[in-house]
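Here the structure is a predicted model, which is why all the values come from computation and not from measurement.
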Amino acid sequence: MPAILDAPSARAGREGGGSDFTPLARRVRESGLLERRPGYYGRAIGLNLAATAALWAAVAFAGGSWWVVLLAVPLAVVSTRTAFLGHDAGHRQIAGSARANRLLGLALGNLLLGMGHGWWSDKHNRHHANPNHVGKDPDVGEGVLAWTREQAVRQRGPLRWVARHQAALFFPLLTLEGFNLKIGSAFFLRERGRRERLVEGGLLVLHAVGYLGLVFALLSPGKAVVLVLLHQALFGVHLGSVFAPNHKGMAMPEPGARWGHLRRQVLTSRNVRGGAVTDWLMGGLNYQIEHHLFPSVPRCNLRRVQPMVREHCARLGLPFAETGLVESYRLALGHMREVGEPLRG
């Protein structure tokens with residue numbers, strides 16, 4: 001299985017513009033911020049597992065009342081924390097070895113979420129290599145939503161109507177993302193090797209049996225169905241809302257463009273301002289520029305990397321995009337609305 005891009009500096013040094021990145025990479029490396037933070041991640045994983053167990057205990061306690069379905073809200077929040085930890089394992093931020101990070105990714109993704117670690121790593125790897133590059137980044141590929149006007153005018157049937165109204169439909173469509181992640185994980189395994197299908201597929205099945213078995217054992221069928229639907233819908237909205245403002249509406253390289261690592265990552269990414277609450281809600285991905293430049297940096301170190309990156313970009317005259325959370329959504333949705341404009345004429 002491919003590993004998430006880990007140390008781009010060596011590759012960047014061979015690219016055009018790589019020399020612009022090398023001094024920054026050296027400074028960050030010498031600062032010690034690339035070092036793993038096992039204590040931080042040990043606490044984060046432990047607290048997340050404890051919160052998950054406590055919430056399911058609360059479901060059992062409140063199972064006689066329809067108020068129990070409101071627990072779908074904190075369940076979705078905790079599931080998103082699990083996804084963030086799986087993301088960090090994929091980037092090898094947690095443990096010192098690739099094998100340990102893979103095992104963590106399988107446990108956090110496949111077993112706890114029903115989201116394939118291999119599928120996510122493959123998709124996210126390609127995104128990090130060429131963010132916002134049509135034809136290379138799967139996050140701006142052809143699909144339900146259109147990310148360029150060329151994609152929008154090619155849509156047909158119901159998808160054409162969706163492209164016309166996609167800015168208004170974006171958040172409602174995110175309610176399906178939790179299910180989409182599980183379906184995509186399962187389909188990905190069809191073309192993988194036998195061992196990978198057995199390991200990852202077995203864990204996905206174990207998750208489905210355990211999750212559905214638990215909820216239907218604790219609740220009546222009606223409450224169980226509502227809780228599952230709400231949990232997965234809110235999980236999709238929360239996770240999708242974190243990833244949405246990071247690149248949408250930012251530069252999209254033209255076909256054949258050969259940008260160096262620094263420009264490729266900085267010009268296509270947007271940071272979101274905020275304090276500790278924003279950092280927690282977005283799993284550190286509000287430091288999107290720093291994360292893309294140094295994907296193996298533990299998320300708790302990203303805020304300390306930011307001043308170095310900002311100063312380096314200012315020295316080079318390179319734009320450093322950073323907005324508030326609401327403004328980031330306005331820009332992302334504005335881009336989606338502009339893409340669909342030709343279909344509304």
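No path of Ile, Leu, Val, Met, Phe, Trp and Tyr side chains, each step under 4.5 Å between heavy atoms, connects Leu230 with Leu174, placing them in separate hydrophobic clusters. Leu212 and Leu75 fall within the same hydrophobic cluster, defined by Ile, Leu, Val, Met, Phe, Trp and Tyr side-chain heavy atoms under 4.5 Å apart, directly or through other members. Tracing side-chain contacts under 4.5 Å through hydrophobic residues (I, L, V, M, F, W, Y), one never reaches Leu343 starting from Leu169; they form parts of separate clusters. No chain of hydrophobic side-chain contacts below 4.5 Å, direct or via other Ile, Leu, Val, Met, Phe, Trp or Tyr residues, connects Met250 to Val242. Two different hydrophobic clusters hold Leu85 and Leu113 under the rule that ILVMFWY side chains link at heavy-atom gaps under 4.5 Å.
Of the possible polar contacts, one joining the Asp137 side chain to the Asn132 backbone as a donor-acceptor pair under 3.5 Å is found. Between the Arg337 side chain and the His165 main chain, no donor and acceptor come within less than 3.5 Å of each other. Formation of a donor-acceptor pair under 3.5 Å by the His335 side chain with backbone atoms of Trp147 is found in this model. A donor-acceptor pair under 3.5 Å is formed between the side chain of Gln155 and the backbone N or O of Gly143. No donor-acceptor pair closer than 3.5 Å links the side chain of Arg164 to the backbone N or O of Leu159. A donor-acceptor distance shorter than 3.5 angstrom exists from the side chain of Ser97 to the backbone of Ala100, with no hydrogens or angles considered. At distances below 3.5 Å, at least one donor-acceptor pair connects side-chain atoms of Arg160 with backbone N or O atoms of Val153. A donor-acceptor pair under 3.5 Å links the side-chain atoms of Asn110 to the main chain of His117, judged by distance alone. Ser185 places no side-chain N or O within donor-acceptor distance of the main-chain N or O of Met115, the cut-off being under 3.5 Å. Side chain of Asn101 to main chain of Ala95: a donor-acceptor pair is present (N/O by atom type, distance under 3.5 Å, no hydrogens or angles).
In this structure, CD in Gln93 is found 7.0 Å from OG in Ser296, a value given to the nearest 0.5 Å. The distance from the CG atom of Leu219 to the CG atom of Leu214 is 8.5 Å, given to the nearest 0.5 Å. Between Thr268 atom OG1 and Gln288 atom CD the span is 8.5 Å, to the nearest 0.5 Å. Rounding to the nearest 0.5 Å gives a distance of 4.0 Å between CD of Gln151 and OG1 of Thr148. The CZ atom of Phe235 sits 13.0 Å away from the OG1 atom of Thr175 when rounded to the nearest 0.5 Å. Residue Asp88 holds its CG atom at 3.5 Å from OH of Tyr41, rounded to the nearest 0.5 Å.
Checking each of Arg315, His312, Arg263 against Asp20 for a side-chain hydrogen bond (donor to acceptor under 3.5 Å, both in side chains) leaves exactly one that passes, namely Arg263. Between His128 and the choices His291, His133, His247, the ring-ring contact (aromatic ring centres under 6.0 Å, His included) rule is met once, by His291. Looking at Lys123, Arg126, Lys248 one by one, the single match for salt bridge (Lys or Arg N to Asp or Glu O under 4.0 Å) with Asp139 turns out to be Lys123.
Residue Ser79 comes nearest to His231 through the heavy atom pair OG-NE2, 2.9 Å, listed as atom of the first residue, atom of the second, then distance. The shortest non-hydrogen separation linking Arg299 to Gly283 is CD-O, 3.3 Å. Between Pro253 and Pro131 the shortest heavy-atom distance is CD-O, 4.0 Å. The shortest heavy-atom contact between Ala89 and Gly105 is CB-N, 3.9 Å. Heavy atoms only, all atoms of each residue included: Pro342 and Arg149 are closest at CG-CD, 3.7 Å. Shown here for Phe179 and Ala233, the closest heavy-atom pair between the two residues is CE1-N, 4.5 Å.
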TODO: Check step by step if side chain to side chain contact (heavy atoms under 4.5 Å, CB included) holds for Val272 and Glu322.
DONE: CA-CA 6 Å; Val272 176; Glu322 185 177 40; over 6 Å; no
Open item on the list: Under the criterion side-chain hydrogen bond (donor to acceptor under 3.5 Å, both in side chains), I'd like the reasoning laid out for Tyr287 against Asn271: C-alpha separation, chi angles, the key distance, then a yes or no.
Closed with: CA-CA 5 Å; Tyr287 300 103; Asn271 278 7; over 6 Å; no
Open item on the list: Test side-chain hydrogen bond (donor to acceptor under 3.5 Å, both in side chains) on Thr82 and Asn48; report intermediate values, then the result.
Closed with: CA-CA 7 Å; Thr82 305; Asn48 194 66; 2.7 Å; yes
- [ ] Just do the salt bridge (charged side-chain N to carboxylate O under 4.0 Å, His left out) check on Arg192 and Glu200 with the steps written out, would you?
- [x] CA-CA 10 Å; Arg192 312 307 290 179; Glu200 293 223 22; over 6 Å; no
Task: Check against salt bridge (charged side-chain N to carboxylate O under 4.0 Å, His left out), Glu341 and Arg344 - done: CA-CA 5 Å; Glu341 181 65 32; Arg344 295 192 297 273; 2.7 Å; yes
TODO: Could you give me the CA-CA distance, side-chain angles and deciding distance for Arg36 and Ile94, then say whether side chain to side chain contact (heavy atoms under 4.5 Å, CB included) is met?
DONE: CA-CA 6 Å; Arg36 304 294 186 269; Ile94 301 178; over 6 Å; no
TODO: Evaluate the side chain to side chain contact (heavy atoms under 4.5 Å, CB included) criterion for residues Leu227 and Val215: first the C-alpha distance (whole Å), next the side-chain angles of each, then the deciding distance (0.1 Å), finally the verdict.
DONE: CA-CA 8 Å; Leu227 181 70; Val215 72; 3.6 Å; yes
Open item on the list: Could you go through Leu189 and Leu204, starting from their C-alpha distance and side-chain angles, then the distance that decides it, and tell me whether this counts as side chain to side chain contact (heavy atoms under 4.5 Å, CB included)?
Closed with: CA-CA 11 Å; Leu189 291 176; Leu204 291 177; 3.8 Å; yes
Open item on the list: Working note: Arg27 + Glu311, criterion salt bridge (charged side-chain N to carboxylate O under 4.0 Å, His left out); need CA distance, chi angles, decisive distance, verdict.
Closed with: CA-CA 12 Å; Arg27 184 180 177 190; Glu311 178 185 322; 3.5 Å; yes
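The number of heavy-atom neighbours closer than 6.0 Å to CZ of Arg156, taken from other residues, nucleotides and ligands shown, is above 12. Counting non-hydrogen atoms of other residues, nucleotides and ligands closer than 6.0 Å to CZ of Phe171 gives a total above 12.
Aromatic pair Phe294/Phe21: ring centres closer than 6.0 Å. Taking the ring centroids of His292 and His261, they lie at or beyond the 6.0 Å cut-off.
Ring pair His207/Tyr211 is parallel by interplanar angle, where below 30° counts as parallel and above 60° as perpendicular. Ring geometry for His124 versus Trp120: interplanar angle under 30°, hence parallel rather than tilted (30 to 60°). The aromatic rings of Phe84 and His238 lie perpendicular to each other, with more than 60° between the two planes, well past the 30° mark.
The pair Arg330-Glu327 counts as a salt bridge, with a side-chain nitrogen and a carboxylate oxygen less than 4.0 angstrom apart.
Proximity of Leu239 to Leu181: side-chain heavy atoms (C-beta onward) are separated by under 4.5 Å at one or more points. The closest side-chain heavy-atom distance from Trp56 to Val59 is below 4.5 Å.
Sorted by first then second residue, the salt bridge (Lys or Arg N to Asp or Glu O under 4.0 Å) pairs that include residues 267-293, not counting sequence neighbours, number zero.
With no hydrogens or angles considered, no side-chain donor-acceptor pair links Arg264 and Asn130 at under 3.5 Å.
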